[in-house]
Structure formats: structure tokens, C-alpha cells
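Only this structure's heavy atoms are used, side chains among them; waters, hydrogens and symmetry mates stay out.
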Amino acid sequence: MHLNSTDPAAAIDFYATKFKARKEKFAGLMDAVWTGDAWLLFTKVGAPPPSELISGLWHIGWGAEDMPSTYEKQVDSGTKFATPITDISEMVGGSRPFFYAYVDGPDHALIELNTARHHDFGHVHLFSADPPAAGEWYAKHFGLRAVAQKDKREFRGNQIGPAAFVTADHVSMIIYPVEHVRKNAPDQWQGRTEFAPTRGRVIDHLGFSVTDLDATLDRLRKAGVTVTAEPKEIAGGRLRYAFIEGPDRVGIELLEDHSPPPAPVAE
């Protein structure tokens with residue numbers, strides 16, 4: 001994930017101290033956050049980046065084995081929440097309670113904490129005008145596993161289906177229908193007919209690693225995918241990257257990085 005921040009150093013410290021994550025050098029070049037499975041990268045901006053819920057990227061999330069205890073510790077440490085701890089056991093089913101809460105993160109990035117069997121960086125939540133089609137797009141172009149729920153579904157008056165669930169390594173991509181956010185952010189969506197591009201917003205874009213950037217771009221072009229930025233390289237060619245646009249105007253970076261990953265993040 002790549003985020004924009006008015007103070008990247010403070011943002012990095014926040015993520016590294018509040019969640020299971022660690023400050024590291026990405027590709028040996030820049031300070032970043034390593035979650036043990038993915039990177040959070042930051043670009044310094046001169047003004048607060050837009051954070052209204054009008055793009056296809058909604059929030060990022062970490063798990064919590066004991067959500068009530070985790071929430072209490074976060075509150076005691078000064079963490080500000082946009083949504084307090086909430087029980088949604090009825091929605092997810094299962095044999096144990098399920099809670100979530102939204103942290104109001106640096107630059108108002110939205111960060112979910114939710115009941116899980118781990119404390120890892122666990123998911124990215126997106127919106128889409130057609131979640132099953134978006135899930136199929138990610139599965140097709142990145143070789144991921146996707147499961148679609150094609151029926152309309154509501155929970156407590158909020159539409160949560162059709163939906164799609166995509167697995168990228170150990171990170172889940174959960175895709176909800178646009179109707180959900182249109183109802184819950186009506187002022188922000190007044191007069192809008194489509195998503196805003198993610199680029200330039202607090203959560204700027206997704207990133208996927210590839211082994212051969214040129215071959216990947218050639219394949220995607222032939223499949224009709226829009227390439228929005230041609231390949232560039234830094235660090236003597238050790239890191240190469242390019243940009244494409246995904247469903248719902250989501251920015252996606254493709255990175256060919258030959259640097260070894262850092263060690264796992266300790267519990």
C-alpha cells in the first residue's frame with residue numbers, strides 16, 4: 001500500500017508502534033513500514049491529502065485475537081477512533097463474537113481492527129460499482145483466488161452485497177458495492193456519479209510485486225489494461241516500477257524489486 005502523508009516520519013512511527021509492524025528501509029532506499037507480509041510506503045505531501053470516502057480504496061486493516069482487550073489498549077495509548085468497537089457477530093456468523101473498530105490514522109487514513117486469529121496486517125477493503133467483476137479482474141490479471149457473492153445482501157440497513165473476496169498471499173482484498181458508501185457518506189457523494197481516482201488521496205494506490213515488469217506490462221496491454229505510467233528504474237535498476245489503472249479507477253503499481261525481504265515481524 002502506498003499512502004500520502006504530511007509527515008511520513010510520524011506516520012511510520014504510528015504504524016510501527018500501534019500495530020504488528022516495523023520500520024524498515026524499502027529496497028534499501030526509503031523509510032517505510034514492513035508488516036511481515038506487505039509494505040506501507042509513504043510520499044510526503046505539502047497539504048493534507050483528501051480522505052473523503054469517494055474512491056475505490058476504503059481502508060486497510062489488522063487483526064486482533066482479543067478485540068475488546070486490543071481496543072482498550074489502543075484507547076489507553078491515545079489512539080483516536082472514527083468508529084468505536086462494534087459487535088457484528090450476526091453478520092459474519094461463526095462460533096465466537098466478532099468485533100471491529102475504525103482507527104482514525106495519520107492524515108485521516110482509515111484503519112480497521114477486527115477479530116481474527118492473528119495480529120497481522122490482514123486486509124484491504126475496496127468499493128466497486130461491480131464487485132464480482134472487480135474480483136474477477138484481480139484474479140485474472142494477477143493469478144489470485146477470488147470468490148464472488150453475486151446476490152444483493154444487507155446488514156443493519158447497509159448493502160454489503162454483491163461482494164468479492166480476493167486472496168493475495170496472506171492479505172485479503174474485500175470488495176463491497178458502491179451502494180454501501182453512497183448511503184453512509186451521502187454528503188460526500190452528493191452529485192457524484194463515479195469514483196474519484198485514488199491517486200493523490202490519503203490511500204494513493206495498491207502495489208503488486210512482479211518478477212518481470214516488461215513481460216507483465218506486455219501481457220496486460222494485450223488484455224486491454226490501461227498503463228498510466230511507463231516503467232522507471234532507480235537504485236541502478238535494482239527497483240523498477242510502472243502504473244496501471246484497475247477497476248473503479250484504483251491506481252495500481254507494479255514493482256520489480258530484487259531486494260531481499262526483511263525478516264518477519266516478531267509478535
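Using a 4.0 Å cut-off between a side-chain N of Lys or Arg and a carboxylate O of Asp or Glu, E230 and R221 qualify as a salt bridge. Salt-bridge formation is detected for the pair E52/R201: a Lys NZ or Arg NE/NH1/NH2 atom is positioned less than 4.0 Å from an Asp or Glu carboxylate oxygen. With salt bridges taken as basic N to acidic carboxylate O contacts below 4.0 Å, none links E65 and R117. The pair D13-K23 fails the salt-bridge criterion, with no side-chain N (NZ, NE, NH1 or NH2) lying under 4.0 Å from an Asp/Glu carboxylate O. Ion pairing of D104 with K80 is absent here, as no side-chain N (NZ or NE/NH1/NH2) approaches a carboxylate O to less than 4.0 Å.
Looking at P231 and D214, their side chains come closer than 4.5 Å, going by heavy atoms from C-beta outward. Residues H2 and L40 fail the side-chain proximity criterion, which asks for heavy atoms closer than 4.5 Å. Residues W39 and P261 have side chains not in contact (no heavy-atom distance under 4.5 Å, counting atoms from C-beta outward). Annotation: side chain of F99 is not in contact with side chain of I88 (no heavy-atom distance under 4.5 Å). The shortest side-chain heavy-atom distance between V227 and L217 falls under the 4.5 Å cut-off. Put simply, the side chain of F243 does not reach to within 4.5 Å of the side chain of K232, judged on heavy atoms. Here the side chains of T226 and I244 are not in contact, with every heavy-atom distance at 4.5 Å or above. The side-chain heavy atoms of K20 and H118, taken from C-beta on, include no pair separated by under 4.5 Å.
Minimum heavy-atom separation, A148 to P132: CB-CB, 4.0 Å. Between N4 and G200, the closest heavy-atom pair is ND2-C, 3.5 Å. Nearest approach of S128 to D248, heavy atoms of both residues: OG-OD2, 2.7 Å. Listed here is the closest heavy atom pair of W58 and I203: O-CD1, 4.0 Å. In plain terms, the two heavy atoms of A109 and L3 that are nearest each other are CB-CD2, 4.0 Å.
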Would E253 and H205 count as a side chain to side chain donor-acceptor pair (under 3.5 Å) here? Give the steps.
CA-CA 7 Å; E253 185 174 9; H205 61 268; 2.8 Å; yes

Residues S259, D257; criterion side chain to side chain donor-acceptor pair (under 3.5 Å); working and verdict:
CA-CA 6 Å; S259 306; D257 177 16; 2.9 Å; yes

Are F121 and V171 close enough, and set up right, to give a side chain to side chain contact (heavy atoms under 4.5 Å, CB included), and what steps lead you there?
CA-CA 7 Å; F121 176 72; V171 177; 3.9 Å; yes

Before you tell me yes or no, could you show the steps for H59 and I111 under side chain to side chain contact (heavy atoms under 4.5 Å, CB included), namely the whole-Å CA-CA distance, both residues' side-chain angles and the distance that decides it to 0.1 Å?
CA-CA 6 Å; H59 63 257; I111 306 157; over 6 Å; no

I'd like to know whether Y241 forms a ring-ring contact (aromatic ring centres under 6.0 Å, His included) with F208, so could you lay out the CA-CA distance, the side-chain angles of the two residues, the decisive distance to 0.1 Å, and finally the verdict.
CA-CA 10 Å; Y241 63 95; F208 290 92; over 10 Å; no

Verify side chain to side chain contact (heavy atoms under 4.5 Å, CB included) between W62 and T70, making sure each step is shown before the conclusion.
CA-CA 11 Å; W62 268 262; T70 297; over 6 Å; no

Check step by step if side chain to side chain donor-acceptor pair (under 3.5 Å) holds for K18 and T79.
CA-CA 8 Å; K18 297 289 188 179; T79 303; 2.9 Å; yes

Go through the steps to decide whether L239 and L255 satisfy the test side chain to side chain contact (heavy atoms under 4.5 Å, CB included), and finish with yes or no.
CA-CA 7 Å; L239 177 67; L255 301 102; 4.2 Å; yes

Assess the residue pair T6 and D107 against the criterion (side chain to side chain donor-acceptor pair (under 3.5 Å)); give the C-alpha distance rounded to whole Å, side-chain angles, the decisive distance to 0.1 Å, and a yes or no.
CA-CA 7 Å; T6 55; D107 304 283; 3.0 Å; yes

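In this structure, D204 contributes its side chain and R199 its backbone to no donor-acceptor pair below 3.5 Å. A donor-acceptor pair under 3.5 Å is absent between the side-chain atoms of R249 and the main chain of E194, judged by distance alone. Remark: the backbone N or O of T35 is not paired with any side-chain donor or acceptor of D120 at under 3.5 angstrom. Here the side chain of T198 pairs no donor or acceptor atom with the backbone of L57 at under 3.5 angstrom. Distance alone, capped at 3.5 Å, is enough to place a donor-acceptor pair between the R22 side chain and the P264 backbone. Of the possible polar contacts, one joining the E256 side chain to the L213 backbone as a donor-acceptor pair under 3.5 Å is found. Of the possible polar contacts, one joining the D87 side chain to the S89 backbone as a donor-acceptor pair under 3.5 Å is found. Remark: side-chain polar atoms of N184 are paired, donor with acceptor, to backbone N or O of H180 under 3.5 angstrom. In this structure a side-chain-to-backbone donor-acceptor pair under 3.5 Å is present from T86 to P84. Of the possible donor and acceptor atoms, one in the side chain of Q188 sits under 3.5 Å from a partner among the backbone N and O of L53.
For NE2 of H108, the number of neighbouring non-hydrogen atoms (other residues, nucleotides, ligands) closer than 6.0 Å is 12 at most. Other residues, nucleotides and ligands place no more than 12 heavy atoms under 6.0 Å from the NZ atom of K152.
No side-chain donor-acceptor contact under 3.5 Å links D7 and S5.
Linking Ile, Leu, Val, Met, Phe, Trp and Tyr whenever their side-chain heavy atoms come within less than 4.5 Å leaves F14 and W34 in two separate clusters. One hydrophobic cluster, built from ILVMFWY side chains closer than 4.5 Å, cannot hold both M1 and Y102; they sit in different ones. Neither L110 nor V124 shares a network with the other; the hydrophobic side chains, linked directly or stepwise wherever heavy atoms of I, L, V, M, F, W or Y lie under 4.5 Å apart, form separate groups for each. V202 and V45 fall into different hydrophobic clusters, where Ile, Leu, Val, Met, Phe, Trp and Tyr residues are linked whenever their side-chain heavy atoms come under 4.5 Å apart, directly or through other members. Grouping the Ile, Leu, Val, Met, Phe, Trp and Tyr side chains by contacts below 4.5 angstrom, directly or via other members, places M173 apart from Y176.
Residues Y100 and F98 place their aromatic rings such that the two centres sit no closer than 6.0 Å.
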List the atom pairs, with distances to 0.1 Å, where a side-chain N or O of residues 134-146 and a protein N or O form a donor-acceptor pair under 3.5 Å, not counting sequence neighbours.
{"unit_1": "W137", "atom_1": "NE1", "unit_2": "H141", "atom_2": "NE2", "d": "3.4"}
{"unit_1": "R145", "atom_1": "NH2", "unit_2": "T167", "atom_2": "OG1", "d": "3.3"}

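Every residue was checked against the side chain to side chain contact (heavy atoms under 4.5 Å, CB included) condition with Q190, not counting sequence neighbours, and none meets it.
Ring orientation note: the planes of F127 and F195 are close to parallel, at an angle under 30° on the 30°/60° scale.
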